[in-house]
Amino acid sequence: MKPAPFRYLRPSSVDEAISVLAAEGYGAKPLAGGQSLIPTMNFRLALPAVLVDLGRLDELRGIREAGASGAVDGLYIGAMTRHSDVERSAVVRERAPLLAEAMPWIAHPQIRNRGTVGGSLAHADPAAELPAVMLALDARIHLRGPGGDRTVQYCDFCTGFFSTALAPNELVTGVEIPALPSGTGTAFEEISRRRGDFALVGVCAVVSLDASGTCSSVAVTMLSVGDGPVCAKTAEDVFRGRAPTTEAIREAAEAAAAHDIDPPADIHASAAYRRQLTRVIVARALETAARRAAGGR
Ligand SMILES: Cc1cc2nc3c(=O)[nH]c(=O)nc-3n(C[C@H](O)[C@H](O)[C@H](O)COP(=O)(O)OP(=O)(O)OC[C@H]3O[C@@H](n4cnc5c(N)ncnc54)[C@H](O)[C@@H]3O)c2cc1C
């Protein structure tokens, strides 16, 4: 199908983009990589009257380390940074290995060459990898709108099914990922029907071990098992304060599958199958993250 008619505007600064969005009102939509917006327009699920192309906004592109901007702890990624640039970044591999491990799971190389970090976070697909990664890493989203700049903790940004805390005419400008404490390991696991398909289930694990080898903090987040990225709080409570033994890992994975998720049933998988996948890949992710936290690869 072809999209409904729309006007196309291409501002050359973030402030101009925000003014244009405000002037055009409800019918205007930002266009980033177009990898979600254009298909939904072609299916006529989205009917924006005006597309405001962010492609010229170089100020929204790039990956910076802590210190480079003067105000950022860890890593800052501009909203218009493409998935492929994140995937290939040595800084991301070093500072946010969980993000680096998740990137190749997003769609196919052609889509990663166009799709952007800000586009994925604004779109908030419950089956997307980046929202679950940002939740696990306790990231902060940077936003700019007619009222100025603000930051939102990622756990408050995703508000439900394809919904976020973005205000009207506001843009995602970037995402800030805090540095991982020492003694921390991370792991990403996903099962999809074919490589490149959206996940049937995906999981991120971030495990910190203290000097005695006990888990001092843990984050387990999941994708494709709820209305948005899901924080597996019961599993975290089961795992925290224990050594990462086979028994602790098994109990945490069981808790995630039984209590933390409300998986959908669709043409790709039943809810029961998604629960079983959850049991298996939460255990794998916790085991790998704990091993990495202890210094192993
Ligand atoms: C075949 C196919 C398979 C895919 N598989 C996966 C997958 O496995 N995992 C996955 O995560 N994604 C997948 N995607 C989606 C892909 O990752 C998209 O790139 C991403 O979801 C949206 O990024 P975009 O830059 O293309 O955004 P767009 O499509 O341009 O925009 C998406 C939405 O975000 C808004 N928006 C964009 N940028 C901003 C901004 N800076 N501020 C405010 N609002 C903004 C737009 O108005 C629109 O509503 C797939 C896409 C396709 C076509």
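Read the numbers this way: they start at 1 and go in the same order the structure lists the ligands and their atoms.
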Could you name the option among [options] that has the heavy atom nearest to [atom]?
atom                    : options                       : value
atom 31 (O) of ligand 1 : Leu37, Leu171, Asp197, Ile141 : Leu37
atom 17 (O) of ligand 1 : Met80, Lys29, His83           : His83
atom 34 (O) of ligand 1 : Ala122, Ala107, Ala199        : Ala122
atom 30 (O) of ligand 1 : Ser120, Gly34, Gly119         : Gly34
atom 40 (C) of ligand 1 : Ile38, Val172, Leu57          : Val172
atom 3 (C) of ligand 1  : Thr40, Ile111, Leu143         : Ile111
atom 20 (C) of ligand 1 : Gly118, Ser192, Gly145, Ser36 : Ser36

Hydrophobic cluster membership, with links at side-chain heavy-atom distances under 4.5 Å among I/L/V/M/F/W/Y: are Met134 and Val220 in one?
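No.
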Quick check: is Ile261 connected to Leu277 through a chain of hydrophobic side chains (ILVMFWY, heavy atoms under 4.5 Å apart)?
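Hydrophobic grouping puts Leu277 with Ile261.
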I'd like to know if [X] and [Y] make a salt bridge, using a cut-off of under 4.0 Å between side-chain N and carboxylate O.
X      : Y      : answer
Arg82  : Asp85  : no
Arg242 : Glu251 : yes
Asp15  : Arg144 : yes
Arg284 : Glu287 : no
Arg292 : Glu101 : yes

Note the single closest protein heavy atom to [atom], along with its residue, its atom name and the distance in Å.
atom                    : result
atom 25 (O) of ligand 1 : Thr116 OG1, 2.6 Å
atom 14 (N) of ligand 1 : Phe198 CZ, 3.5 Å
atom 47 (O) of ligand 1 : Pro30 O, 2.5 Å
atom 9 (N) of ligand 1  : Glu129 OE1, 2.7 Å
atom 19 (O) of ligand 1 : Gly115 CA, 3.1 Å

Report, in ascending order of atom number, the atoms of ligand 1 lying under 4.0 Å from any heavy atom of [X].
X     : answer
Gly33 : 24 (P), 25 (O), 26 (O), 27 (O), 30 (O)
Gln35 : 18 (C), 19 (O), 26 (O), 29 (O), 51 (C), 52 (C), 53 (C)
Ala32 : 25 (O), 27 (O), 30 (O), 37 (C), 38 (N)

Do Tyr8 and Asp53 pair up side chain to side chain, a donor and an acceptor below 3.5 Å, judged on atom types alone?
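Tyr8 vs Asp53: donor-acceptor pair found between side chains.
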Does any donor atom in the side chain of Ser84 or Asn113 lie under 3.5 Å from an acceptor atom in the other side chain?
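Yes, a side-chain donor-acceptor pair sits under 3.5 Å.
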Taking only non-hydrogen atoms of Asp125, do any sit less than 4.0 angstrom from ligand 1?
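Flag not set, Asp125 not near ligand 1.
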So which bit of Leu54 gets within less than 4.0 Å of ligand 1, heavy atoms only: side chain, backbone, both or neither?
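It is the side chain that gets close, since no backbone atom is under 4.0 Å.
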Are Tyr76 and His142 an aromatic pair, judged by ring center distance below 6.0 Å?
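Ring centroids of His142 and Tyr76 are less than 6.0 Å from each other.
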Going by side chain to side chain contact (heavy atoms under 4.5 Å, CB included), Val133 matches just one of Thr186, Leu99, Val175, Val206. Which one?
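The side chain to side chain contact (heavy atoms under 4.5 Å, CB included) with Val133 is passed solely by Leu99 among Thr186, Leu99, Val175, Val206.
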